[in-house]
Amino acid sequence: MMTERTYSISDLSREFDVTARAIRFYEDKDLIQPMREGQRRIYTARDRVRLKLILRGKRLGFSLSEIKDILDLYDTDMGESRQLELLLDKIEERRRALEAHRRDIDLTLAEMDDLERQCRENLKERAGAD
DNA sequence: GTTCTCACA
DNA sequence: TGTGAGTA
């Protein structure tokens, strides 16, 4: 019988380059539920996949609670469709937020251009006056 | 090495 | 959304 391999919290923190504290934090937020062996946490391959998905979600800028919503559908699993649809919604929402942010940045950069131009003109006038 | 809790930003 | 310290 092929028994499934398991991982300790330090195994996973090393593999994914996150602190053990962070992994426990995700557990506290109900994103992962590792088994216990006494006090020790035992992570299955499935937990490992969940952690990988959590970290990917974070890279995309999703909040932990959003990630939890998506992950929870993995368990309920009324077919993958619902999960994929939710993910698509989240992606679209996130994309809009990023695009709005980009517009804000562009506006700020444009303002800086203006201000910089004014500063340089002002400096030129002073040089003439001296 | 791992656990928990409290304080802190 | 995490970190650091102190503990058992």
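When reading the values below, keep in mind they use all heavy atoms of this one structure, side chains included, and skip hydrogens, waters and symmetry mates. By convention in this document, chain letters (A, B, ...) are assigned in the order of the sequence lines, proteins followed by strands, and residues within each chain are numbered from 1.
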- prompt: What residues, two or more places apart in sequence or in another chain, satisfy side-chain contact (heavy atoms from CB on, under 4.5 Å) together with A:Arg36?
  reply: A:Glu27, A:Arg41
query: Which is the 5'-most and which the 3'-most nucleotide of DNA chain B that has an atom under 4.0 Å from a heavy atom of chain A?
result: B:dG1 to B:dC4
field: Summary of salt bridge (Lys or Arg N to Asp or Glu O under 4.0 Å) pairs that have at least one residue in residues 60-69 of chain A, sequence neighbours excluded
entry: A:Glu66-A:Lys90, A:Lys68-A:Asp72
task: Tell me which residues in residues 8-17 of chain A put a heavy atom below 4.0 Å from DNA chain C, sorted by number, or none.
output: none
query: Measuring from A:Leu87:CG to A:Ile70:CD1, what's the distance to the nearest 0.5 Å?
result: 5.0 Å
- request: Spell out, as yes or no, whether a donor-acceptor pair under 3.5 Å connects the side chain of A:Arg94 to the backbone of A:Leu60.
  value: yes
I'd like a list of close polar pairs between nucleotides 2-5 of chain C and the protein, N/O only, cut-off under 3.5 Å.
from  : atom 1 : to      : atom 2 : distance (Å)
C:dG2 : OP1    : A:Lys58 : NZ     : 3.2
C:dG2 : OP2    : A:Tyr26 : OH     : 3.3
C:dG2 : OP2    : A:Lys58 : NZ     : 2.7
C:dT3 : OP2    : A:Thr19 : OG1    : 2.8
C:dT3 : N3     : A:Arg21 : NH2    : 3.3
C:dT3 : O4     : A:Arg21 : NH2    : 3.1
C:dG4 : N7     : A:Arg21 : NE     : 3.2
C:dG4 : N7     : A:Arg21 : NH2    : 2.7
C:dG4 : O6     : A:Arg21 : NH2    : 2.1

query: Hey, quick one: are A:Ile91 and A:Leu98 part of the same hydrophobic cluster, counting side-chain heavy atoms closer than 4.5 Å, chains of contacts allowed?
result: no
Review item, side-chain donor-acceptor pairs of residues 45-52 of chain A, under 3.5 Å, at least two apart:
from    : atom 1 : to      : atom 2 : distance (Å)
A:Arg46 : NH2    : A:Asp75 : OD1    : 2.7
A:Asp47 : OD2    : A:Thr44 : N      : 2.9
A:Asp47 : OD2    : A:Thr44 : OG1    : 3.3
A:Arg48 : NE     : A:Glu15 : OE1    : 3.1
A:Arg48 : NE     : A:Glu15 : OE2    : 3.2
A:Arg48 : NH2    : A:Glu15 : OE2    : 2.5
A:Arg50 : NE     : A:Leu31 : O      : 3.1
A:Arg50 : NH1    : A:Asp75 : OD1    : 3.1
A:Arg50 : NH1    : A:Asp75 : OD2    : 3.3
A:Arg50 : NH2    : A:Leu31 : O      : 3.0

message: In whole Å, I'd like the distance from the NZ atom of A:Lys29 to the P atom of C:dT1.
response: 8 Å
field: A:Arg126: side chain to side chain donor-acceptor pair (under 3.5 Å) partners, not counting sequence neighbours
entry: none
- line: The remaining residues in the hydrophobic cluster of A:Ile42, counting side-chain heavy-atom contacts under 4.5 Å among Ile, Leu, Val, Met, Phe, Trp and Tyr, are A:Met35
task: Go through DNA chain B and write down every stem, that is, every run of at least three consecutive Watson-Crick or G-U wobble pairs with distances under 3.5 Å, as range with range.
output: B:4-9 with C:1-6
query: Would you call A:Arg96 and A:Glu92 a salt bridge, taking side-chain N to carboxylate O under 4.0 Å as the test?
result: yes
task: Just do the side chain to side chain contact (heavy atoms under 4.5 Å, CB included) check on A:Ile67 and A:Leu71 with the steps written out, would you?
output: CA-CA 6 Å; A:Ile67 295 169; A:Leu71 250 35; 4.0 Å; yes
Non-hydrogen atoms of A:Ser13 and A:Ala20 that approach each other most closely: CB-N, 3.9 Å
message: With clusters defined by side-chain heavy atoms of hydrophobic residues (ILVMFWY) lying less than 4.5 Å apart, directly or transitively, does A:Leu73 cluster with A:Leu84?
response: no
statement: Contact check, residues 33-51 of chain A vs DNA chain B, heavy-atom distance under 4.0 Å, returns A:Arg36, A:Gln39, A:Arg40, A:Arg41
Distance-only donor-acceptor hits, side chain of residues 102-120 of chain A, under 3.5 Å, sequence neighbours excluded:
from     : atom 1 : to       : atom 2 : distance (Å)
A:Thr108 : OG1    : A:Asp104 : O      : 3.0
A:Asp114 : OD1    : A:Arg117 : NH1    : 3.0
A:Glu116 : OE2    : A:Arg120 : NH2    : 2.9

query: Got a sec, which residues hit side chain to side chain donor-acceptor pair (under 3.5 Å) with A:Arg14, two or more places apart in sequence or on another chain?
result: A:Asp11
- request: Give, for atom CD1 of A:Ile23 and atom CG of A:Asp28, the distance between the pair rounded to the nearest 0.5 Å.
  value: 14.0 Å
